[in-house]
Protein chains: 2
Amino acid sequence: MSHQFHHSAEDLIRHNGGKVTAGRVGILAVLLAEQQAITHREIEQRLPQTLQLDRVTLYRVLEWLAGKNLIHKVSSDDRVWRYHANRDVSSHQHAHFKCTGCAQVICLETLPVERNWQLPAGYRFQEIELTVKGLCASCC
Amino acid sequence: MSHQFHHSAEDLIRHNGGKVTAGRVGILAVLLAEQQAITHREIEQRLPQTLQLDRVTLYRVLEWLAGKNLIHKVSSDDRVWRYHANRDVSSHQHAHFKCTGCAQVICLETLPVERNWQLPAGYRFQEIELTVKGLCASCC
DNA sequence: AGATAAATGCAACAATGTTGCACTCATTGT
DNA sequence: ACAATGAGTGCAACATTGTTGCATTTATCT
Ligand SMILES: [Mn+2]
Ligand SMILES: [Mn+2]
Ligand SMILES: [Zn+2]
Ligand SMILES: [Zn+2]
């Protein structure tokens, strides 16, 4: 885990008016260092040994970070939330790719889908959630 | 619950080489009578009082019906599977709509999405899972 | 340093779904 | 009609993910 991410994390948290705690910084640093959207478990594993957090705290920190728009949650058919640091890409709506082999999830750049859906009369559109499934390079 | 569905259900099960049990018939009849994709709980509630099934049996029946392609499962961000009888529409890939107010899920007819996704090099496309979120007519 | 609210840890809980195993019963053949 | 058989079921126990309440700790401000 590079100092870079640790420092960025600290900065982002402070600028969002939250207490700068070891847990928050560590968790956000993990997410900033990660390309993929990762689970609760995977975050735990990537945290430094010196930083052992309660599961509940982890969940609460993730909720807080999501509320501050520093990260976003990705839902999946395996009933497990995955989390990913927000970058330029993730500020707008985007699709996700999930490997059916190894379950890794990555964010895709685009969301090339029509917005004018033929919804039943009286229904109102809000947003689209799209997951492309397939095999990643390692699983092909 | 109309006799119609009960009879259709019995037929469908028999023609798929499974034992015609009260549970299977009752569950499939419920799903045939329903427009929306409904949850485990909702199915239970719609079953006749005379037919009390164990939760496990319900899950196993649903799994069996899905394996026989008589129904399909719909995943959702609330970590609850919903089930829907297969009709013409559902034989091919289709999108779903989920109301953010009341959590109802319906199947949409079309899936107007490009198939040629710009996936990272070496990745292979399999399928798309798309949920349109919004408000249903009652929740608008 | 002391006050304060925010953050954390722990225990308990909830919801959804799965597994193993003994028992039941729908179907088949006689 | 009856018996044999294996598919289907019920029950208990378990697994996983996530949430809630409350007492304790700690980052931050003065
Ligand atoms: Mn994403
Ligand atoms: Mn459907
Ligand atoms: Zn993979
Ligand atoms: Zn609604």
Side-chain angles (χ1 to χ4, degrees), chain A residues 6 9-30 37-45 47-48 50-68 70-83 98 103 105, chain B residues 6-7 9-29 37-45 47-48 50-68 70-83 98 103 105:
Chain A
H6 199 274
E10 206 173 307
D11 239 41
L12 288 165
I13 292 165
R14 196 183 315 275
H15 281 83
N16 273 274
K19 276 194 188 177
V20 180
T21 65
R24 282 181 178 175
V25 174
I27 290 167
L28 183 51
V30 164
I38 56 176
T39 66
H40 179 254
R41 284 285 182 79
E42 291 167 327
I43 294 170
E44 237 172 2
Q45 291 163 1
L47 285 174
T50 56
L51 179 53
Q52 296 296 10
L53 291 178
D54 191 72
R55 243 180 34 189
V56 176
T57 303
L58 186 32
Y59 279 117
R60 288 200 267 230
V61 166
L62 290 169
E63 215 53 49
W64 185 85
L65 292 171
K68 294 298 185 184
L70 295 175
I71 65 174
H72 65 283
K73 295 167 75 170
V74 183
S75 78
S76 170
D77 54 9
D78 59 8
R79 316 176 353 113
V80 181
W81 289 103
R82 286 174 176 75
Y83 304 86
K98 179 169 184 198
V105 173
Chain B
H6 200 273
H7 189 271
E10 207 172 309
D11 240 41
L12 286 165
I13 292 164
R14 198 183 315 277
H15 282 84
N16 272 273
K19 277 194 187 176
V20 179
T21 65
R24 281 180 180 175
V25 174
I27 291 167
L28 183 51
I38 56 177
T39 65
H40 179 255
R41 283 284 181 82
E42 292 167 326
I43 294 170
E44 237 171 4
Q45 290 163 1
L47 286 174
T50 55
L51 179 54
Q52 298 294 10
L53 291 178
D54 190 75
R55 238 169 26 133
V56 176
T57 303
L58 185 34
Y59 279 118
R60 287 200 268 231
V61 166
L62 290 169
E63 214 53 48
W64 186 85
L65 291 170
K68 295 298 184 184
L70 295 174
I71 65 174
H72 65 282
K73 295 168 75 170
V74 182
S75 78
S76 169
D77 54 8
D78 59 9
R79 314 175 357 111
V80 182
W81 289 103
R82 287 174 175 75
Y83 304 85
K98 180 169 185 199
V105 173

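Letters A, B, ... mirror the listed sequences (proteins, then strands); counts begin at 1.
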Quick one: CD1 on A/I38 to CH2 on A/W81, what's the gap to the nearest 0.5 Å?
16.0 Å
Between A/K73 and B/D77, does at least one N-O distance fall below 4.0 Å, as a salt bridge requires?
no
Can you measure B/R41 atom CZ to C/dA15 atom P for me and round it to whole angstrom units?
6 Å
Taking every heavy atom of A/S76 against every heavy atom of A/V80, the minimum-distance pair comes out as CB-O, 3.9 Å
Round to a whole Å and report the spacing from CD1 of A/I43 to P of D/dG18.
10 Å
Nearest 0.5 Å, what's the CD1-CG distance between A/I71 and A/L65?
4.5 Å
Classify the nucleic acid contact of A/V56 as base, sugar-phosphate or nothing, counting any heavy atom under 4.0 Å across all strands shown.
base
How many whole angstroms separate atom CD of B/E63 from atom P of C/dT18?
6 Å
Return the polar atom pairs (N/O with N/O) between nucleotides 5-9 of chain D and the protein under 3.5 Å, or none.
| residue | atom | partner | partner atom | Å |
| --- | --- | --- | --- | --- |
| D/dG6 | N2 | B/K19 | NZ | 2.6 |
| D/dA7 | N3 | B/K19 | NZ | 3.1 |
| D/dG8 | OP1 | B/K19 | N | 3.2 |
| D/dG8 | OP1 | B/R24 | NH1 | 2.5 |
| D/dG8 | OP1 | B/R24 | NH2 | 2.7 |
| D/dG8 | OP2 | B/R24 | NH2 | 3.4 |
| D/dG8 | O5' | B/R24 | NH2 | 3.1 |
| D/dT9 | OP1 | B/T21 | OG1 | 2.8 |

When the distance from CG of B/L58 to P of C/dG17 is rounded to whole Å, what number comes out?
10 Å
Would you mind reading off the distance between A/R79 atom CZ and D/dT19 atom P, rounded to a whole angstrom?
12 Å
For the residue pair A/A9 and A/A29, what are the closest heavy atoms and their distance?
CB-N, 3.7 Å
Tell me the interatomic distance from B/R82, atom CZ, to C/dT16, atom C1', rounded to whole angstroms.
12 Å
Polar pairs (N or O, both sides) under 3.5 Å between protein and nucleotides 28-30 of chain C?
none

CG/B/N16 to CZ/B/R24 distance, rounded to the nearest 0.5 angstrom?
10.0 Å
Working to the nearest 0.5 angstrom, can you tell me the gap between B/Q45 CD and B/H40 NE2?
11.0 Å
Whole-Å distance, B/L62 CG to C/dT18 P, equals 10 Å
Identify every side-chain donor-acceptor pair in residues 55-63 of chain A under 3.5 Å, counting partners at least two apart or on other chains, and give the distances.
none

Say you draw a straight line from CD of A/E44 to OG1 of A/T39; how long is it, rounded to the nearest 0.5 Å?
9.0 Å
Quickly work out the B/D78 CG to C/dT16 C1' distance and round it to whole Å.
11 Å
